[in-house]
2 protein chains.
Amino acid sequence: MDLRHISFRLLEVFMSVVKTGSISETARRLHLTQPTVSLQIKRLQEAVGEPLLLIQQQKLHVTDAGLELFKTCQQVFGHFEDYEDFLTELNGGARGRCKIAMVNTAQYILPKLLGPYSNLHPHVELPLEIGNRAEVLDRFERGEDDIYVFSHPPSLEHAQAARFLHNPLEFIVPLNHPLANVKAVKLTDLMQYRFLLRENGSATRMLFESELQSRGLVLSDSVQMASNEAIRVAVASGMGIAVLSRHVLAKDDTSFKILNVTDAHLASHWYFVMRTDRHISHAARNFLKFAQQHVEQYLDTQWVRNELHNLHNLDLKLINIRC
Amino acid sequence: MDLRHISFRLLEVFMSVVKTGSISETARRLHLTQPTVSLQIKRLQEAVGEPLLLIQQQKLHVTDAGLELFKTCQQVFGHFEDYEDFLTELNGGARGRCKIAMVNTAQYILPKLLGPYSNLHPHVELPLEIGNRAEVLDRFERGEDDIYVFSHPPSLEHAQAARFLHNPLEFIVPLNHPLANVKAVKLTDLMQYRFLLRENGSATRMLFESELQSRGLVLSDSVQMASNEAIRVAVASGMGIAVLSRHVLAKDDTSFKILNVTDAHLASHWYFVMRTDRHISHAARNFLKFAQQHVEQYLDTQWVRNELHNLHNLDLKLINIRC
DNA sequence: GTTAGTTATAGGTGTTTATCTATGGGTTAC
DNA sequence: GTAACCCATAGATAAACACCTATAACTAAC
């Protein structure tokens, strides 16, 4: 039996012949001519090396080998139907994987969207990668993930990005800090204090430092710390003051004080970023659609800046990835 | 998803790529060139309408859709392997159907062969048809069965036949018959008695009547009866005398007497007959082979005339039956 | 920076295919 | 015996396929 050159079309034709018990009838149903069907069956028989149909008493008769092949075909087509169902789910975004890499700070925000999404589509795998800006940029370079989350979008080629959330920065000081109860302070007032900063390259730090530079200000003292959490706790315990994303600060957290800095309103935005040259999984596409429709619902409405519609010129790309 | 033009070869190639994780390696293994494999995969992806493989970090990576397709293919090939096993059994004659039609008298003989054969190949279906000569000839005409058993072979076109057993006819009389204890009788001595005969067309009767005709003898009285059994019982109960196949008479049956007719040794042979224009099932072929090898073992050796080797120019014919 | 290894693409070729139309032989039904 | 079916075969054609070679582009390793 040599199936190499047997196509599924051929099996379809064969099955129809078995079902109708007639070559002519099959031809009519499949909009073919009778000789075509005759020939197809002949080819199939040659491939199988066994008679499948024969004529007895002027009637088409299915041999044992033919009947068994018919059953086999039923099974096979069943499997492909299952596969088609799988594809449908995949296309509907109900299944698959959406790999997301985000910078540290985003972990205060994104889970609010991921939670509801994951509940809606429990079969979608959502592996998350969290790293500092440099690490996430690396992953982007290598195209390891479907979606990247940055504040301060990287202006790389092959990148497309869209905002979804405002990202205001706040100055925080310990409760017992001299400025803690001052109603309005200026940026220059802060320069004399020790600043606790994230590592170089962090979007928050970049934003802050570029503001300082543009105003010709210089910090008198700074300490580098690896995480927002560490900085928040360090500030609360009096180690210094800091600039942190509003989203990092719980509303009811009274272990520090937020300053009202009247002459500096630092802010960036949170972006979903994707490579334009990579295939975008259905799950990823679907998650973005979900985000577009539900950011207002699941994130603080006052900060939402939903520009995700900009992304939806994503179309399915097949394998020719390198183009 | 449009599988119509997808051949099994294509799926094979795809599976190899998934297994090796490399297009080039697959090309080497399947003795193809790398572009060929590349192109095949591309075609398959177009047919499925979904990316199956993509390149991540310079490595070929199977997508969810690809992996699922791979699993589907495994299943599908599994089914076809099962089917191939089935065909193998079929070809070995271990499975299938061998439809046999025989004339009444043969039912005293054939079961002795069919029993052992059926025990050897329990999966072979052996539907038997039993009828008088005219009925079996009809079946032959319509090609309803694989094998026919006749004494006195029909000289039809599209028929091939081979002997396997001698079929001597015996004259039997009731125990209290005047000739019952006569050592040697002549055929003419019998003409005055009432003969119990099978229906017209029966091989036994044909043989007997042609013998009478050639000798210019005429029966004085005869009664027609439908079965050998009926005749045997009727003879035993004194209703008349009869000519019957030796094989119909049990060796230890003492309810009648076999005459020693010195001037008439009527005999024919038992034949397996087949149509030459019909496909011969593997099971039928196999049964004939079995018969050829085992007639001596299962039938009375003294009567065996094994000429079945004459049949074994049977070769497999595909559907073009009408030729 | 050269080499050896990927994969994709372009272009070419002989073969196979999926079809068709036309025809012939056979059967069934009237 | 004619009409209306059935199926098989022959012959033709355009498309698709299965391959190839040659080449380009990219990466990893030396």
Side-chain angles (χ1 to χ4, degrees), chain A residues 2-14 16-18 20-47 51-62 141-143 158 277-279 317-323, chain B residues 2-14 16-18 20-47 51-62 141-143 158 277-279 317-323:
Chain A
D2 180 17
L3 290 182
R4 289 154 179 260
H5 298 290
I6 295 308
S7 66
F8 285 85
R9 171 61 164 175
L10 211 49
L11 298 183
E12 251 174 46
V13 171
F14 169 68
S16 171
V17 172
V18 172
T20 62
S22 155
I23 290 183
S24 301
E25 179 56 25
T26 293
R28 262 174 255 123
R29 289 201 192 180
L30 303 185
H31 306 291
L32 297 171
T33 60
Q34 168 266 315
T36 300
V37 178
S38 249
L39 222 62
Q40 305 270 45
I41 297 295
K42 200 174 173 185
R43 273 214 313 131
L44 184 58
Q45 283 185 127
E46 272 159 17
L52 303 172
L53 300 170
L54 34 84
I55 295 175
Q56 277 184 345
Q57 303 151 245
Q58 285 66 253
K59 268 192 64 187
L60 223 51
H61 197 263
V62 185
E141 269 316 307
R142 275 173 279 131
H158 304 311
D277 58 350
R278 188 184 190 279
H279 170 73
K317 279 185 192 169
L318 290 186
I319 202 184
N320 43 338
I321 297 303
R322 289 237 186 95
C323 63
Chain B
D2 180 16
L3 290 182
R4 289 151 177 264
H5 298 287
I6 295 308
S7 66
F8 284 85
R9 171 61 164 176
L10 211 50
L11 297 182
E12 251 174 46
V13 170
F14 169 68
S16 171
V17 171
V18 172
T20 62
S22 157
I23 288 184
S24 301
E25 178 58 24
T26 293
R28 263 174 255 123
R29 290 200 192 182
L30 302 186
H31 307 292
L32 296 171
T33 60
Q34 168 267 314
T36 299
V37 179
S38 249
L39 222 62
Q40 305 271 46
I41 297 295
K42 202 174 172 186
R43 270 211 320 131
L44 183 59
Q45 282 184 127
E46 273 159 17
L52 303 171
L53 301 169
L54 33 84
I55 295 175
Q56 276 184 346
Q57 303 150 246
Q58 285 66 254
K59 269 191 62 186
L60 221 51
H61 197 263
V62 185
E141 270 315 308
R142 275 173 277 133
H158 305 312
D277 58 351
R278 188 186 191 275
H279 170 72
K317 280 185 192 167
L318 290 186
I319 201 182
N320 42 338
I321 297 303
R322 287 237 188 97
C323 61

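Each chain gets a letter, A, B and so on, in the order its sequence line appears, and its residues count up from 1.
When the nearest nucleotides of DNA chain C are assigned to H5(A) and H31(A) by heavy-atom distance, the more 5′-ward of the two goes with H5(A). For R4(A) and L39(A), each mapped to the nucleotide of DNA chain D holding its nearest heavy atom, the one lying further toward the 5' end belongs to L39(A).
Between the side chain of T26(B) and the backbone N or O of S22(B), at least one donor-acceptor pair lies under 3.5 Å.
Distance Q45(A) CD to dT9(D) P: 11 Å, rounded to the nearest Å. Straight-line distance from the CZ atom of F8(A) to the P atom of dA16(D): 20 Å, rounded to whole Å. Look at CZ on R28(B): it is 14 Å from P on dA4(C), rounded to the nearest Å. Rounded to whole Å, the distance from CD1 on I23(B) to C1' on dC26(D) is 14 Å. When the P atom of dA16(D) is taken as reference, atom CG of L10(A) falls 18 Å away, rounded to whole Å. Note: CG (L3(A)) to P (dT17(C)) measures 13 Å, nearest angstrom. The NE2-P distance, from H61(A) to dC6(D), rounds to 19 Å in whole Å. Rounding to whole angstrom units, CG of residue L54(B) and P of dA8(C) are separated by 11 Å.
For Q40(B) against dA18(D), no side-chain N or O and base N or O form a donor-acceptor pair under 3.5 Å.
Closest to the side chain of T36(A), out of dC20(D), dC20(C), dT9(D), is dC20(C). When each of dT21(D), dA8(C), dC7(D) is scored by its nearest atom to the side-chain atoms of S38(A), the top-ranked nucleotide is dC7(D). Of all nucleotides listed (dT17(C), dC20(D), dC7(D)), dC20(D) comes nearest to the side chain of P35(B). When distances run from any side-chain atom of L32(B) to the nucleotides dT19(C), dC6(D), dC19(D), the shortest one goes to dC19(D).
Put simply, K42(B) has no side-chain N or O that comes within less than 4.0 Å of OP1 or OP2 on dT7(C). Distances shown here put every side-chain N or O of S7(A) at or beyond 4.0 Å from the OP1 or OP2 atom of dT17(C). A close approach under 4.0 Å does not occur between any side-chain nitrogen or oxygen of R9(A) and OP1 or OP2 of dA18(C). Proximity of R43(A) to the phosphate of dA18(C): a side-chain N or O atom is located under 4.0 Å from OP1 or OP2. Distances shown here put every side-chain N or O of T33(A) at or beyond 4.0 Å from the OP1 or OP2 atom of dT21(C).
Salt bridge annotation for E25(B)-R28(B): present, with a cationic side-chain nitrogen under 4.0 angstrom from a carboxylate oxygen.
Contact detail for I6(A) and F8(B): the closest heavy-atom pair is O-CD1, 3.1 Å.
Annotation: side chain of I41(B) is in contact with side chain of L53(B) (closest heavy-atom distance under 4.5 Å). Using a 4.5 Å heavy-atom threshold, the side chains of Q40(A) and T36(A) count as touching.
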